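Remember, predicted model here, so these are calculated numbers, not experimental data. Side chains included, hydrogens not; waters and symmetry mates left out as well; all remaining heavy atoms used. Just so you know, ligand 1 is whichever comes first in the structure, and atom 1 is the first atom listed for that ligand.
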Amino acid sequence: EPGAKNGNGPVKDAMKGMKTDYSRWRLKNDRGLQTWHYLETEEEVKAWPQSTADKYFLGMDTGLPDLHPAKTPLESAANALTFFSALQQGPGNWACEYGGPMFLLPGLIITWYVTGTPIHEPHAIEIKNYLFARAHPEDGGWGLHIEGNSSVFGTSLNYTTLRILGVEPDDPRMIKARNTLWKMGGALNGPHWAKWWLSVLGVTSWDCVNPVPPELWLFPDWVPIAPWRWWIHMRQVFLPMTYVYSKRWSLPLNDLTRQLRDELLTEPYETINFDSRRNTIHPADDYHPKTWILRLLFWFIINIWFPFLRPNWLKKRAEDWTWWLIEAEDENTSFSNLGPVNGPMNTLCSYIHGGPDSYAFREHVKTLPEFLWMKDEGMLMNGTNGVQVWDTSFFVQAMHDGGFSSDPKWKPMLIKALEFLEDHQMDIECRDLHKCYRQRRKGAWPFSTKKQGYTVSDCTSEGLKGALTLQSLPGYPQLISEDRLKEAVDVILTMQNSSGGCASYEPTRGPEALEWLNAAEVFGRIMIEYDYPECTTACVTALHMFQQHYPSYRTAEVQTFIAHAVDYIRASQRPDGSWYGSWGICFTYAGFFATESLAIAGETHANSERMRRACQFFLERQMADGGWGETYRSCETGIWHNHESSQVVQTAWVVCALLNAEFPDPEPMRRALKLIMKRQRANGEWKQEAIEGVFNKSCMISYPNYKFIFPIKALGMFAKRWGNDALL
Ligand code: LAN
């Protein structure tokens, strides 16, 4: 059956019964808490009609009409608005898939499996579909993210996920994936996190997992490597990891895990010296090789500390304290947890600690589906519990900057968006804020929802700008009081580093040397917070806008903050005029932000050599078709890598950057906008192009709404500055 190998013919037929009926999927959006539901009965289907947004996310015909063809930038933006406005959610936010990372579903499925949590059949079917749809077209494996090359991390864990979901090992697609895994040396060449999950499952022995002792949490706060100083995502993943590791908890061997041992390991389980495999890793997974210091430390812990120096009472105390911290995290996030890695891990901890009937475990099981997302390819796990606050505040600002917010036609939509922002500003401080090392959150905005509850510097800033923008429009309700706006400013003022720059969730707490203890292998720059031009600019622009409305609130502090922050932006510009972006790909993203900071400080192409350099950097990279395009290799390597084709989103970022700089010649921008307009479809939408976002240098993540938000902003801003002449 030659077709089978290519995923055609027989396989397709076998899949026929394996697809759910897309007309039955619904996105429920309960004040921003988003979950997908499969309606089983005709009555339910009748009672709960599918929305346009549901259809759009599922890749079905939305029925949205073709619009009058756009000739001018404003017509094009208006068409895009017509389309995008139809996707607004009931509570006022915009939603979308937030996929990309390929290491998230396995954690969830393994957790469900080892805790005996039933997996809803339609979910199981569509998760299988998604994983097969995202297998590497050539070798059938999976990478760290959807556009990446196959790795042991991605392949071993997603293969395991499919097996748990019932796919047989002799399925041709599984044979292909297994061959790829074996070529890379099998699961024992995987990174730390893969070995950790497979040991939970009982497929590998805990002996192959580099040690994560919970005792680290007992360090006094002054210790330079104490976990409270690490980047929050690392320490909140490390926390449940240490707890489970310390208990060496594994699922008892069963038929499936016995088979998986044969399928994932290249030698018989019984003959393997697992301890000798702690540091074996395939080059495809080894983005950040471990330092000799870290390896020495691991050796010492395994060979000296654990066997000879570790008193049981200390282990017990460490476990108790980590459990206390896990409970605090659960409570402060109403079981949402910081993200999609520690969510399943904390679920597992609550199961180990309190069993399947404990309150914590049951709450976790209820909450986990908030990470899942349905789309045309099947079901995936989002990088957070959504993009609610972030995309909504960006969009509101794009509309305003583009000059559309005064049109009464959009007022109901914008008021709903304001209601959403109001609802998700955080108003209750964390319990035991200092004891669990959290940053203040009262007054802040999160990335997704208030329930998740984490302050982020730039989300607070974008949220504040969104709210201020809307509340300043004539006839708009003042939903957020002056006091609450000031509280947001108070939060932002806590976020600056001594460099002047701002990091993501907290100011930097530890030395950069902590990167020597980066044990995750697959990511770079994860151990501490760093300064980011993107986050810094968001804070600068928010404070600047706030000061125009409330000039007498903490005036000197706000001004000093802005001045230092702009100094940081200047200092972080590279000699070639660019800035490296950490959260979007890559130089186009950072340049879009950094030029806005400089503009606020009064720098323009005419008066600033820096701005000219920034513009020059982009002009040299404009493609023949008028657009810009760089690949995620830029993020991995720190050097610009041209994409084979221009990208609508990146082109829009550069147009905004040139407008920020007051670049004197409109011609390059006109060519760019022409390209953006040519790519627009008759119904006003743009189709998905390459992936837009990144984290930790090596993992990409999708921001599908950016293809609406930033072209609308660029088109509108251009028309404001250079007029609305026909471009097509
Ligand atoms: C995000 C998403 C949003 C992003 C921005 C607000 C865009 C950024 O400016 C600041 C950092 C932040 C909040 C961010 C941090 C890291 C996240 C949470 C993510 C990229 C989404 C997924 C990622 C998270 C770490 C994924 C889980 C993986 C681990 C390595 C723990």
Enquirer: Salt bridge between Lys290 and Glu521, side-chain N to carboxylate O under 4.0 Å?
Expert: yes
Enquirer: Between Glu377 and Arg134, is there a side-chain N and carboxylate O pair less than 4.0 Å apart?
Expert: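 Result for this pair is yes, salt bridge flagged.
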Enquirer: Would you check ligand 1 and list the protein residues that come within less than 4.0 Å of it by any heavy atom, ordered by chain and number?
Expert: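 Protein residues near ligand 1 are Tyr98, Phe103, Trp193, Trp231, His233, Met234, Val237, Val341, Gly383, Thr384, Trp390, Phe447, Val456, Asp458, Cys459, Ser504, Tyr505, Phe523, Cys535, Trp583, Phe695, Asn696, Ile701, Tyr703.
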Enquirer: Given Ser504, which partner from the list Trp583, Tyr532, Trp231 fulfils the side chain to side chain donor-acceptor pair (under 3.5 Å) test?
Expert: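 When side chain to side chain donor-acceptor pair (under 3.5 Å) is applied between Ser504 and each of Trp583, Tyr532, Trp231, only Trp231 qualifies.
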Enquirer: Looking at Arg229, Arg441, Arg235, Arg440, which one forms a salt bridge (charged side-chain N to carboxylate O under 4.0 Å, His left out) with Glu506?
Expert: Arg235
Enquirer: Going by side-chain contact (heavy atoms from CB on, under 4.5 Å), Lys442 matches just one of Glu487, Arg484, Gln425. Which one?
Expert: Glu487
Enquirer: Kindly say whether the aromatic ring centers of Tyr505 and His233 come within a distance under 6.0 Å.
Expert: yes
